[in-house]
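Everything quoted here is computed from the prediction, not taken from an experiment. As a basis for the values below, the full set of heavy atoms in this structure was taken, side chains included, without hydrogen atoms, waters or symmetry mates.
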Amino acid sequence: MIPYGVTPADDQMAADIFGVSLGYWRDKKMWKTIPGLRLLSPPGARRRVFSKQQLLVAQQQRERAKALNQVPKYDLPPVPAGEDPRDLLNLQEARLALPEDQRVTLDTWKGYRYGSKTRLPDPDDTVGGKESDNGAIVGGEDFWRRQTILDWNDNRSGPGNPKGRPTGSKNARPRAADHETEERRHRAAQLFQGDHRLRSKDLADDLGVHAVHAERILRDLRLEELANLLVERPGMTVAEVQNEFGVAHTSHTQKLISDAQRHQQARQLLRDQPDLTAQELAEEVAVDLDEAARILRAVLLERDRFQVQQTRLLLQKAPSQVTPEQLADHLDVPRDQAVKLLHRAMAGSSGEAQ
């Protein structure tokens, strides 16, 4: 488990922090030479995961001792104890987060990861791995927030939960992002608007997240911006897109263009059909149902972020005068949705003020 507030670091990131090769870090088992360094991954896990905060402090204390020709004495920050809804869990830990009477077998649970009927939600974070030529992240380990899994379980049918949706039903409507995720995305968007050629490493350093997670955020930003550009310049070439975003691989760029075109189509369809379903989108843009559900989730999240941003702007101009009724009329949304937008926007504004 990766406790909330801890930035995960795998062996590669740990080696980079200590300025050694990955092979040296592993061969010398350097993590065992640092008393107090907490291994966050359970026994038998695919990869070792540490606290980046602990690693950074350990490296500083090690260098200080080296400069004084002393043996390092480590005093590392503690890793948060207890459970938090925002903890990150790997696949097996996510299963154990469910009530015991609602757990399926481990083999069945693994089948849910890429299932066509019952399927786990998209992961909230990925540790390790790298981006392939077509833009997919390969070799990493996926993690889900505890609350993500509990919410998913509450909305499905199965052992001990007969009130959920029918097995195999699709729910393309995205769950609302938590405050930390929203603020991280807001900060990333600010950086990206200042430089469309922003690199994932620089974004990861600024946000304090793993480079793979930063690349996923960056790809979403590129996708949305390219969809905007294609409205004005529908004939953009691969070379022009590569120059705009600093993307090197041709196959990756071609996929980005194709995805942006579908994203643009989904936007227009959603304007005309507010209750657009994944099945209807799949038929319109000629993709399978899972891909259509992914596209629809992305466009709905984009619309959701826009509505929160507009709400914040209204609150900045006249914070005491914005009512749910006025906001509902301004954004053309139901009143209950306007109330939720106000709560989220005010929470974000107070966080910025601090």
Side-chain angles (χ1 to χ4, degrees), residues 114 122-123 126 129-140 142 170 172 174 177 184-204 207 209-273 276-306 309:
Y114 299 104
D122 292 337
T126 303
K130 60 181 180 179
E131 187 181 20
S132 65
D133 288 350
N134 66 1
I137 302 299
V138 297
D142 294 327
K170 299 286 181 178
R184 184 183 291 159
R185 179 58 166 68
H186 180 64
R187 172 59 179 165
Q190 288 180 321
L191 294 172
F192 180 73
Q193 288 306 316
D195 179 12
H196 284 176
R197 298 171 67 90
L198 179 67
R199 297 186 308 162
S200 59
K201 182 181 183 303
D202 295 331
L203 180 60
L207 299 181
V209 299
H210 196 280
V212 174
H213 189 191
E215 180 60 39
R216 180 175 289 165
I217 296 173
L218 194 54
R219 188 183 186 284
D220 289 343
L221 291 169
R222 288 171 182 156
L223 181 65
E224 292 177 12
E225 183 61 26
L226 182 55
N228 294 335
L229 292 173
L230 289 174
V231 175
E232 301 174 0
R233 300 159 58 189
M236 284 188 76
T237 65
V238 168
E240 288 172 332
V241 174
Q242 287 178 321
N243 183 62
E244 178 72 25
F245 298 112
V247 182
H249 300 294
T250 299
S251 59
H252 184 181
T253 308
Q254 290 171 333
K255 187 176 189 304
L256 184 62
I257 293 173
S258 176
D259 288 348
Q261 290 169 336
R262 294 192 181 110
H263 193 91
Q264 184 188 30
Q265 287 177 276
R267 280 178 180 171
Q268 185 58 53
L269 288 167
L270 195 61
R271 291 191 195 103
D272 299 336
Q273 305 174 52
L276 180 71
T277 66
Q279 183 64 56
E280 292 167 338
L281 180 60
E283 294 171 359
E284 289 286 346
V285 300
V287 295
D288 63 39
L289 188 57
D290 284 339
E291 178 65 9
R294 186 193 66 77
I295 295 170
L296 186 54
R297 277 195 297 269
V299 176
L300 286 167
L301 280 171
E302 179 186 31
R303 185 179 68 178
D304 179 70
R305 287 192 294 266
F306 173 78
Q309 182 184 36

Which residues share a salt bridge (Lys or Arg N to Asp or Glu O under 4.0 Å) with Glu284, sequence neighbours left out:
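With neighbours one apart ignored, the set is empty.
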
By salt bridge (Lys or Arg N to Asp or Glu O under 4.0 Å), which residues pair with Asp259, not counting sequence neighbours?
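For Asp259, the residues satisfying salt bridge (Lys or Arg N to Asp or Glu O under 4.0 Å) (neighbours in sequence not counted) are Arg219, Lys255, Arg262.
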
Given the rule in the side chain to side chain contact (heavy atoms under 4.5 Å, CB included) test, do Leu296 and Leu276 qualify, once you have shown the distances and angles that lead to the verdict?
CA-CA 8 Å; Leu296 186 54; Leu276 180 71; 4.1 Å; yes

Give a yes or no on this: more than 12 heavy atoms of other residues, nucleotides or ligands lie within 6.0 Å of atom CZ of Arg199.
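No, not enclosed.
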
For the backbone of [Y] and the side chain of [X], can you confirm whether one donor and one acceptor N or O come within less than 3.5 Å of each other?
X      : Y      : answer
Gln193 : Gln190 : no
Gln242 : Ala248 : yes
Glu291 : Asp288 : no

Measure across Met236 and Glu240 and return the closest heavy-atom pair with its distance rounded to 0.1 Å.
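Looking at all heavy atoms of both residues, the closest pair is CA-OE1, 3.2 Å.
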
Among Asp202, Leu198, Leu218, which residue satisfies the side chain to side chain contact (heavy atoms under 4.5 Å, CB included) criterion with Leu191?
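Of Asp202, Leu198, Leu218, side chain to side chain contact (heavy atoms under 4.5 Å, CB included) with Leu191 is met by Leu198 alone.
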
Arg267 and Gln264: side chain donor to acceptor below 3.5 Å
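On atom types as modelled, these side chains do not qualify, holding no pair under 3.5 Å.
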
His263 and Glu302: side chain donor to acceptor below 3.5 Å:
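Short answer, yes.
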
Which residues pass the side-chain contact (heavy atoms from CB on, under 4.5 Å) test with Glu283, not counting sequence neighbours?
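Glu283: side-chain contact (heavy atoms from CB on, under 4.5 Å) contacts with Gln279.
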
Under a 4.0 Å N-O cut-off, is there an ion pair linking Asp220 with Arg185?
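Looking at Arg185 together with Asp220, the answer is no, because their closest N to O distance does not fall below 4.0 Å.
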
